[in-house]
Amino acid sequence: MSITYFDTIDSTNLYLKENYEKYNNLDCVLARHQTNGRGRMGRVWIDQDDLLMSILVKEEVQEKEKLSLLICSTIFKVLSKYLNNLKIKWPNDILQNGKKICGILLEGKTIGDKTIVVIGFGINVNSTKFDDDLIIKATSLKKELNKEFDIKVLANEIYEEFLSDFSLFTKKDESYLKVCRDNSCLIGEVVSVEDNGIIKDAKVLDILDNGNILLLIDGKKIEKRSGEISLHNNY
Ligand code: BTN
């Protein structure tokens with residue numbers, strides 16, 4: 001297991017999806033800058049001086065979609081050494097004081113009868129200037145703590161923690177789910193959910209053992225998978 005470092009790359013996720021044959025299970029790619037950084041829902045991910053990393057999962061794992069909660073828990077634990085108001089926004093964001101500090105993009109690729117997964121994440125580390133539309137929504141370690149961070153050191157910390165968490169994950173240890181529940185910014189909150197084309201209020205009740213979210217919509221308990229819904233709220 002190793003970290004490969006690139007100065008500039010199109011996207012660490014795209015690169016690992018295209019070059020998976022050259023890498024082993026759980027190898028990782030870290031870039032200083034991306035020219036085609038990708039976010040969820042076709043958005044772009046713009047970086048300044050941040051942590052841009054992808055981990056390749058080549059081995060066959062059960063419940064792949066739960067890897068998003070696993071990496072949330074890993075990153076939450078590491079960032080908690082530096083920040084004390086972090087929350088996890090199911091299923092793939094980490095917020096500090098309600099502002100996004102980390103986004104996660106899981107991508108799968110099917111090769112024959114196997115599916116590989118690339119776990120990509122961007123952590124705002126030394127960025128201090130955000131576009132107007134992001135200024136109230138995003139933050140960075142430097143903005144919060146007023147000091148520069150060594151990105152490679154942080155990346156190593158996260159990678160080590162992930163390798164240990166992943167090993168527990170494959171042994172069916174589900175303590176990462178508890179980390180996601182205990183530090184969720186959504187449980188107990190009311191969010192807007194699109195339900196059959198209609199935007200409705202939904203109270204978030206829980207994150208279930210299968211990684212799904214349990215919502216109360218129109219008095220009924222409804223379970224949703226991450227891919228099925230988009231949550232609208234103030235975070
Ligand atoms: C999101 O919140 O929309 C997810 C952002 C994920 C960004 C990371 S940066 C490293 C990896 N490579 C990419 O192109 N995207 C992910």
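Counting starts at 1 for both ligands and their atoms, in listed order. Below, all heavy atoms of this structure are taken into account, side chains as well, without hydrogens, waters or symmetry copies. Since the model is a prediction, treat every value here as computed from it, not as a measurement.
Distances between N or O atoms of R43 and those of ligand 1 include no value under 3.5 Å. Inclusion of W45 in the set of residues having an N or O under 3.5 Å from an N or O of ligand 1 is not warranted.
Of all the heavy atoms of S54, the ones lying under 4.0 Å from any atom of ligand 1 belong exclusively to the side chain. Here D93 has side-chain heavy atoms under 4.0 Å from ligand 1, and that is the only part of it that gets that close. At a 4.0 Å heavy-atom cut-off, ligand 1 touches K100 through the side chain alone.
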Going through the checks in order, is the salt bridge (Lys or Arg N to Asp or Glu O under 4.0 Å) test met by K142 and D49?
-> CA-CA 10 Å; K142 185 170 178 186; D49 185 10; over 6 Å; no
Let me see the working for E18 and K22 under salt bridge (Lys or Arg N to Asp or Glu O under 4.0 Å), right down to the final yes or no.
-> CA-CA 9 Å; E18 282 161 11; K22 296 184 198 156; over 6 Å; no
Show your working on salt bridge (Lys or Arg N to Asp or Glu O under 4.0 Å) between D182 and K87 and close with a plain yes or no.
-> CA-CA 9 Å; D182 288 354; K87 292 280 178 198; over 6 Å; no
Which is it for D93 and R40 under the salt bridge (Lys or Arg N to Asp or Glu O under 4.0 Å) test, yes or no, and what are the steps along the way?
-> CA-CA 11 Å; D93 285 336; R40 271 180 289 118; 2.7 Å; yes
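Cation-pi geometry between K66 and F169 is not satisfied (NZ or CZ under 6.0 Å from the ring centre, within 45° of the ring normal).
Open room surrounds NZ on K152; 12 or fewer heavy atoms of other groups in view lie less than 6.0 Å from it. Around CG of D150, the count of heavy atoms belonging to other residues, nucleotides or ligands within 6.0 Å exceeds 12.
Set against the non-hydrogen atoms of G122, the atoms of ligand 1 under 4.0 Å away are 7 (C), 8 (C), 9 (S). Every atom of ligand 1 is numbered from 1 in the order shown, and the set under 4.0 Å from a heavy atom of T12 is 10 (C), 11 (C), 12 (N). For ligand 1, the atoms closer than 4.0 angstrom to any heavy atom of S11 are 12 (N), 13 (C), 14 (O). Annotation for ligand 1: atoms under 4.0 Å from non-hydrogen atoms of G37 are 14 (O). Set against the non-hydrogen atoms of M53, the atoms of ligand 1 under 4.0 Å away are 10 (C).
Given atom 3 (O) of ligand 1, the protein heavy atom at minimum distance is R40 N, 2.7 Å. Here the protein heavy atom with the shortest distance to atom 12 (N) of ligand 1 is Q34 OE1, 2.9 Å. Ranking protein heavy atoms by distance to atom 16 (C) of ligand 1, first place goes to R38 O, 3.8 Å.
Using a 4.5 Å heavy-atom threshold, the side chains of N25 and V57 count as touching.
Using a 3.5 Å distance cut-off with no hydrogens or angles, the side chains of D50 and S127 do pair a donor with an acceptor.
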